[in-house]
Structure formats: structure tokens, C-alpha cells
There are 2 protein chains.
Amino acid sequence: MNNQGLYKSKFDNCPLTFALNFIGGKWRLPIIWVLSKNGTMRYNELKRSIDGITNMMLTQSLKELELNGIINRKQFMEVPPRVKYSLTDNGEELIPALKALANWGKNMKSIAE
Amino acid sequence: MNNQGLYKSKFDNCPLTFALNFIGGKWRLPIIWVLSKNGTMRYNELKRSIDGITNMMLTQSLKELELNGIINRKQFMEVPPRVKYSLTDNGEELIPALKALANWGKNMKSIAE
DNA sequence: TTTCTTAGGCAGAAAATACTGCATACTTGT
DNA sequence: ACAAGTATGCAGTATTTTCTGCCTAAGAAA
């Protein structure tokens with residue numbers, strides 16, 4: 001997603017669409033979710049934990065999340081490279097919403113079965 | 001979004017991505033949000049309340065939300081047509097998550113200013 | 001010695017999603 | 001008499017988003 005955002009109205013005062021401009025896209029919420037469950041994670045741990053994601057999309061989504069102040073990226077100056085990703089305080093504040101969504105999803109799953 | 005869903009893995013047990021398959025896409029959450037604020041709404045009320053949405057997208061998203069049991073559609077047999085949309089019980093259960101997301105968005109807005 | 005892991009990366013292609021422009025038939029409003 | 005409102009709709013187009021296939025250099029594991 002470019003930095004123009006999904007919802008483009010300048011006069012849009014809606015806080016929900018404002019939020020969705022930061023966390024929309026296919027992979028951002030799953031990344032935040034997995035980090036909320038596991039604390040600090042490395043690149044390939046994230047890749048293995050998120051079913052279906054590609055290198056390119058993981059890299060791009062991590063960059064966007066870091067730029068938006070939702071995750072921290074800490075690189076240790078080592079070879080081979082060792083990088084750790086974790087949620088910022090701001091990112092942590094998304095957890096209640098994600099838990100509520102996941103709970104709802106669980107309900108939907110039991111309805112569908 | 002087709003009925004195959006955004007996240008395709010059969011073996012995906014993640015309740016969050018399961019939920020996102022129902023409420024993903026650009027316009028579904030804003031529709032649910034506006035209905036949660038206003039109770040029952042008509043088609044053009046929804047259209048006027050959601051900045052940037054087109055007829056086609058409103059129609060399609062309403063159909064999908066109805067199919068997924070998230071909103072109710074009640075048609076009065078009148079001319080011109082009068083249709084009212086509202087959240088189902090299941091749809092109402094999304095409200096806490098949306099409120100938490102909107103609250104987070106509000107925080108992001110005050111950070112960005 | 002060979003294979004695997006680490007954390008990425010690109011440009012163009014593919015896939016997914018949203019939109020356009022005009023349309024409907026009847027009542028209500030101006 | 002004319003315009004506006006009502007709740008939609010399509011097929012092709014446009015836009016947005018994601019993906020592919022192969023690649024890197026050095027250490028660790030087999």
C-alpha cells in the first residue's frame with residue numbers, strides 16, 4: 001500500500017478508516033498478531049509462522065510497520081545477520097482489538113462447522 | 001473478494017485470519033462501523049455516510065455482509081423501493097473490536113498532528 | 001565437502017480488487 | 001413540467017496489491 005493510504009478523503013474524520021490506513025493490507029495484521037503471541041521474533045520465524053507469506057511481502061510489510069511506529073527492528077551487527085522484530089508500545093495497543101477480532105473469528109468458525 | 005477468501009490455507013487454524021476472510025476488503029468494516037453508530041440505515045444514507053464509496057461497491061459489500069450473516073436486509077414492498085440495513089447479533093459482536101481499532105486510530109491521529 | 005540458514009532484494013507479471021458511465025421505473029419534491 | 005430520490009446493476013477498464021524466480025555472502029550444520 002502506498003503512503004497515500006487506502007481511504008483518501010482529506011476531510012475524513014473517521015478514526016476507523018484512519019486506523020485502517022496503517023494496518024490494512026493482507027499481511028500487516030497477521031504479522032502484528034504473531035508478534036503479540038510470541039514477543040520478539042526473527043525474520044524466518046515470522047516467515048514460518050505466517051502461512052502463505054512470501055519473502056517480498058514479509059519484507060515490505062515489516063518496513064511499513066516499522067515506518068508507522070508499530071514494530072521495532074533491532075539488528076545485531078553479526079554475520080550471518082541477526083535481526084529481531086517486536087511490537088512497540090503503540091503496536092501493543094492494537095492487541096485488544098486483535099483479540100476481539102480473533103474471538104469473533106473463533107465464533108464464526110464454530111458456526112461454520 | 002471471492003468466496004475463496006483472502007487467506008487460503010486449509011490448515012490455517014488462526015482465528016484472526018479466519019475473521020479477516022469475512023470482514024476484509026476496503027468497504028466492509030466502514031459499513032459495519034457506520035451501522036454500529038446509526039442502528040438501522042437505508043441504502044443512500046449508507047452511501048452518503050461513507051466517503052468515497054461507489055454504488056457498485058456498496059451493493060456488492062452489502063450482499064457479502066448479508067451472506068456472511070453480519071447484516072440484515074429488510075425490504076418493504078413499496079415503490080419507490082425502501083430497504084433498511086442493520087447489524088445482526090453476530091455483527092453487533094464486532095463492535096468492541098471496531099471501537100478498539102477506532103480508539104487506536106484516534107491515538108495515531110493525535111500523534112500525527 | 002556439501003547443504004542449510006540467515007535476512008533480505010528486483011522488475012515485471014499476475015492476481016485481486018475497485019471503479020466507470022450510464023441505465024432502470026415510479027413516487028415525491030420543487 | 002421537470003428534477004430529485006429510491007435501490008440497485010453490468011462488462012470492461014483501471015487501479016492496487018501481491019507474487020515469481022532467482023539471487024547474495026558468510027557462518028553453521030550435516
How long is the line joining CE of B/M57 and C1' of D/dA14, in whole Å? 14 Å
Across all chains, not counting sequence neighbours, the ring-ring contact (aromatic ring centres under 6.0 Å, His included) partners of A/W27 are B/Y7
Mind calculating the distance between OH (B/Y7) and P (C/dA16) to the nearest angstrom? 14 Å
Do side-chain atoms of A/N72 reach the backbone of A/Y85 as a donor and acceptor pair under 3.5 angstrom? no
For A/L29 and D/dT18, give me the distance from atom CG to atom P, rounded to whole Å. 12 Å
Rounded distance in Å - CG (B/L58) to P (D/dT6): 13 Å
Contacts satisfying salt bridge (Lys or Arg N to Asp or Glu O under 4.0 Å) that involve residues 85-103 of chain A (not counting sequence neighbours) are none
Short side-chain N/O contact from A/K26 to OP1 or OP2 of C/dA16, under 4.0 Å: no
side-chain N/O B/K47 vs D/dT6 OP1/OP2, d < 4.0 Å: no
A/K26 side chain vs B/L6 backbone, donor-acceptor pair below 3.5 Å: yes
Expressed as a whole number of angstroms, how long is the span from B/I31:CD1 to D/dT8:P? 12 Å
Heavy-atom check, side chain of B/W33 versus side chain of B/L94, under 4.5 Å: no
With the side chain defined as heavy atoms from C-beta on, A/L6 is closest, among D/dT17, C/dA18, C/dC26, to D/dT17
Grab the CH2-C1' distance between B/W27 and D/dT16 for me, whole Å please. 14 Å
May I ask you to test the A/I31-A/L58 pair for a side-chain heavy-atom distance under 4.5 Å? yes
Set out, line by line, the N/O atom pairs under 3.5 Å between protein and nucleotides 5-15 of chain C.
from  : atom 1 : to    : atom 2 : distance (Å)
C/dT6 : OP2    : A/N44 : ND2    : 3.2
C/dT6 : OP2    : A/R48 : NH1    : 3.3
C/dT6 : O3'    : A/R42 : NH2    : 3.4
C/dT6 : O3'    : A/P81 : O      : 3.3
C/dA7 : OP1    : A/R42 : NE     : 2.9
C/dA7 : OP1    : A/R42 : NH2    : 3.3
C/dA7 : OP2    : A/N44 : N      : 3.1
C/dG8 : OP1    : A/R73 : NH2    : 2.7
C/dG8 : OP2    : A/Y85 : OH     : 2.3
C/dG8 : N7     : A/N55 : ND2    : 3.3
C/dG8 : O6     : A/N55 : ND2    : 3.0
C/dG9 : OP1    : A/K63 : NZ     : 3.2

5'-most contact on DNA chain D: A/T54 or A/V79, nearest heavy atom basis? A/T54
Are any non-hydrogen side-chain atoms of A/N68 and A/N90 less than 4.5 angstrom apart? no
Between B/L20 (CG) and C/dT17 (C1'), how many Å, whole number? 16 Å
Length of the CZ-P vector between B/F76 and C/dT27, whole Å: 19 Å
